Amino acid sequence: MNFVAIKMLVGDRARYLGILMGLTFASLLITQQASIFEGLMARTYGFITDTGLPDIWVMDKKVLMIEDIKPLQDTMLYRVRGVEGVDWAMPLYKGLLKARLDNGSFQTCHVIGLDDATLVGGPGTMVEGRLEDLRRADSVIVDIVGAEGKLARPAEKAGGDKIPIKVGDTLELNDHRAIVVGICRTTRTFQSQPVIYTTYSRATLFAPQERKLLSFVLVKAKAGENQAEVCRRIEAATGLAAYTQQGFKDLTYDYFMKYTGIPINFGIAVLLGFIVGTAIAGQTFFNFTVDNIKYFAALKAMGARDSQLLGMILLQAMIVGAIGWGIGVGAASLFGFLLRDTELSFLLTWKLLVISGCAIMVICTLSALLSIRTVMRAEPAIVFKG
Amino acid sequence: MVETATEIAVSCAGVTKAYGSGQARVTALRGIDLEVRQGELLMLVGPSGCGKTTLISVIAGILDHDDGECRVFGEDLKAMSGSRRTRFRGDNIGFVFQQFNLIPTLTIAENVAVPLLIAGVSRREAVGRGRDLLNRVAIGDRWTALPSKLSGGQQQRVAIARALVHNPRLIVCDEPTSSLDHETGHKVMELMREVAAGDGRSLVVVTHDSRIFEFADRIARMDDGRIVSVTEKA
Ligand SMILES: Nc1ncnc2c1ncn2[C@@H]1O[C@H](COP(=O)(O)OP(=O)(O)OP(=O)(O)O)[C@@H](O)[C@H]1O
Ligand SMILES: [Mg+2]
């Protein structure tokens with residue numbers, strides 16, 4: 001009976017395409033919105049992604065996420081270095097400092113201070129200059145978005161383009177002179193401030209005098225060591241919190257999930273896709289069944305068991321579901337691919353594929369149930385009615 | 001060999017049926033006594049609304065009657081469970097409808113194969129046997145056509161082939177010729193007699209069309225929910 005079910009479905013072109021369109025739309029909307037959401041959420045831990053080298057991040061126990069800086073005493077660095085299984089441990093400064101622009105206005109910047117000797121934790125991509133140039137006096141590296149945007153100099157004539165900061169330009173950070181030696185590219189984060197990389201010692205010089213300046217200790221575990229185990233040892237030895245890179249990303253992700261309205265807003269869009277998809281697909285599928293009710297009734301009269309009819313309808317629902325899901329996911333991927341070089345955040349993970357697949361399956365099951373009910377209730381005696 | 005009970009395919013005694021309830025209640029059958037013999041073609045005739053369709057629905061086991069008894073090949077269908085009755089229909093009864101009820105997206109050979117597919121026969125074998133039957137109703141050469149490509153008479157031939165393909169013992173037909181012109185209807189009835197009748201198979205044919213009465217073994221006349229007369233054809 002399977003091929004009868006398939007031919008009934010596919011042969012009815014208009015209806016078939018209608019159902020597919022509904023499901024494709026739902027699949028597309030759900031996958032696309034969820035991917036944008038995931039992309040945005042990945043921005044929350046973009047800085048951790050950029051700082052790819054260390055395995056483990058060590059910080060104050062009360063730190064809630066990457067932007068939540070609770071400085072440590074400098075001596076903590078040496079205590080972490082003493083823990084068994086630690087290959088190396090480097091300091092990282094991360095803080096907000098005011099930069100004075102040429103026109104006299106101030107711009108708050110994210111200043112990242114890297115270990116003076118190794119420069120561990122530097123930006124992923126250099127657009128201009130080299131990371132090693134940070135070893136020169138007063139040097140800083142500015143991210144390209146900041147350089148072309150908030151840190152750019154005003155246009156020479158009114159209405160003209162702003163002049164981006166270039167290598168060789170100078171900035172003033174807390175009354176200290178800084179020379180731009182490079183331009184880098186960083187992963188987008190939720191922070192709109194320009195990012196400025198420099199060395200740890202220079203960053204502490206720029207920073208207002210405070211007792212504690214060490215934001216994070218970045219740790220590489222020895223080869224073959226279990227990272228979770230090393231984290232536990234560091235925590236035991238120092239009383240600090242230590243997370244694997246993924247663990248720290250998760251902590252940050254969870255923080256944004258819990259304490260911001262982002263998930264709800266995207267949840268609404270995803271839900272909308274789900275509802276609209278269910279409405280269109282469910283409605284057309286139901287109409288399809290109702291239109292075919294006399295054939296289903298004839299099958300019943302000719303001895304088809306309820307289970308056979310149920311199987312036919314489920315098969316039909318699964319077919320349109322699988323195809324609609326596939327096209328929708330494909331279209332969402334294409335959307336993400338075509339806009340890959342834009343500001344759009346888009347991250348399509350396999351988890352999202354599973355989620356959208358499940359959503360489509362729920363839609364199809366609901367539609368099928370509605371149809372099945374109608375078919376089960378149909379009196380076979382209607383076969384003799386004109 | 002004494003064959004009395006087995007010669008009767010269907011026996012109805014005092015069968016009543018009413019639709020709806022209260023004000024809207026319509027009594028369709030008011031006590032039907034009727035026997036259908038094995039191997040005969042019985043025609044059921046009468047004015048519109050007299051209950052012909054209701055009666056063959058009861059006989060075919062797709063509608064429950066209210067009172068009285070209706071036995072088909074000795075079985076009381078009303079007493080059967082739903083799934084046993086469905087199975088019984090699949091094994092024993094063939095249907096021919098006024099509107100043919102062929103599935104429009106299946107080829108005619110596949111349409112003919114449907115009762116076999118329902119019974120669990122493989123697609124290959126079922127469609128093969130569907131083609132054989134189409135040969136017997138003389139449209140075997142068009143077995144890959146869709147129903148919509150055929151004339152009404154040809155479609156009714158397909159429907160007859162479908163009613164026969166699983167070799168049922170009883171075939172019920174509701175107005176099989178009323179959507180066909182006279183000549184085509186005549187040919188369809190000839191086919192019914194030649195191909196469908198015989199092998200001890202019984203046919204119950206509901207019709208308005210007095211021009212096909214000549215094909216009946218017996219004619220049962222109905223009026224207002226009752227059988228008013230049964231005449232043997234000479
Ligand atoms: N499902 C139903 N609900 C309510 N009343 C019905 C239903 N089916 C039939 N009836 C009524 O029962 C009576 C008998 O109907 P039936 O269809 O058996 O007549 P018929 O002899 O086949 O008529 P026709 O020659 O017009 O096909 C009619 O009065 C009809 O209106
Ligand atoms: Mg009728």
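Here the structure is a predicted model, which means the values were calculated and not measured. Within every chain, numbering begins at 1; the chains are lettered A, B, ... in the order of the sequence lines, protein sequences first and strands thereafter.
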For [X], which atoms come within 4.5 Å of any heavy atom of chain A: side chain, backbone, both, or neither?
{"X": "B/L146", "result": "neither"}
{"X": "B/R85", "result": "neither"}
{"X": "B/V121", "result": "neither"}

Heavy-atom check, side chain of [X] versus side chain of [Y], under 4.5 Å:
{"X": "B/I103", "Y": "A/M8", "result": "yes"}
{"X": "A/N2", "Y": "B/R123", "result": "no"}
{"X": "B/R87", "Y": "A/R305", "result": "no"}
{"X": "A/F384", "Y": "B/I62", "result": "yes"}
{"X": "B/E110", "Y": "A/V4", "result": "no"}
{"X": "A/Y295", "Y": "B/L102", "result": "no"}

With ring-ring contact (aromatic ring centres under 6.0 Å, His included) as the rule and sequence neighbours excluded, what pairs involving residues 316-352 of chain A come up?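 Every ring-ring contact (aromatic ring centres under 6.0 Å, His included) pair that includes a residue of residues 316-352 of chain A, provided the two are not neighbours, is A/F335-A/F346.
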Most chain A-contacting option - heavy-atom pairs closer than 4.5 Å, from [options]:
{"options": "B/V58, B/N111, B/L117", "answer": "B/L117"}
{"options": "B/I56, B/T54, B/V206, B/N92", "answer": "B/I56"}
{"options": "B/H166, B/R162, B/E175", "answer": "B/R162"}
{"options": "B/G90, B/A119, B/A126", "answer": "B/G90"}
{"options": "B/G94, B/A60, B/S83, B/P104", "answer": "B/P104"}

Taking only heavy atoms into account, what residues of residues 356-371 of chain A are found under 4.5 Å from chain B?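 The residues closer than 4.5 Å to chain B amount to none at all.
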Residues 9-39 of chain A: residues contacting chain B (heavy atom under 4.5 Å, by number):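 A/G11, A/D12 fall under the 4.5 Å cut-off.
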Which heavy atom in B/R89 sits nearest to a heavy atom in A/A301, and how many Å separate them?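 So the two residues come closest at NE-O, 2.9 Å.
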More than 12 heavy atoms of other residues, nucleotides or ligands under 6.0 Å from [atom1] of [X]: yes or no?
{"X": "A/R185", "atom1": "CZ", "answer": "no"}
{"X": "A/R377", "atom1": "CZ", "answer": "no"}
{"X": "A/L338", "atom1": "CG", "answer": "yes"}

How would you list, by chain and number, every residue that makes a ring pair (Phe, Tyr, Trp, His ring centres under 6.0 Å) with B/H182, sequence neighbours excluded?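 Result, ring pair (Phe, Tyr, Trp, His ring centres under 6.0 Å) vs B/H182: B/H186.
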[X] side, atom [atom1]; [Y] side, atom [atom2] - distance, nearest 0.5 Å:
{"X": "A/N292", "Y": "B/T105", "atom1": "CG", "atom2": "OG1", "answer": "7.5 Å"}
{"X": "B/T86", "Y": "A/M302", "atom1": "OG1", "atom2": "CE", "answer": "13.0 Å"}
{"X": "B/N101", "Y": "A/I382", "atom1": "CG", "atom2": "CD1", "answer": "9.0 Å"}

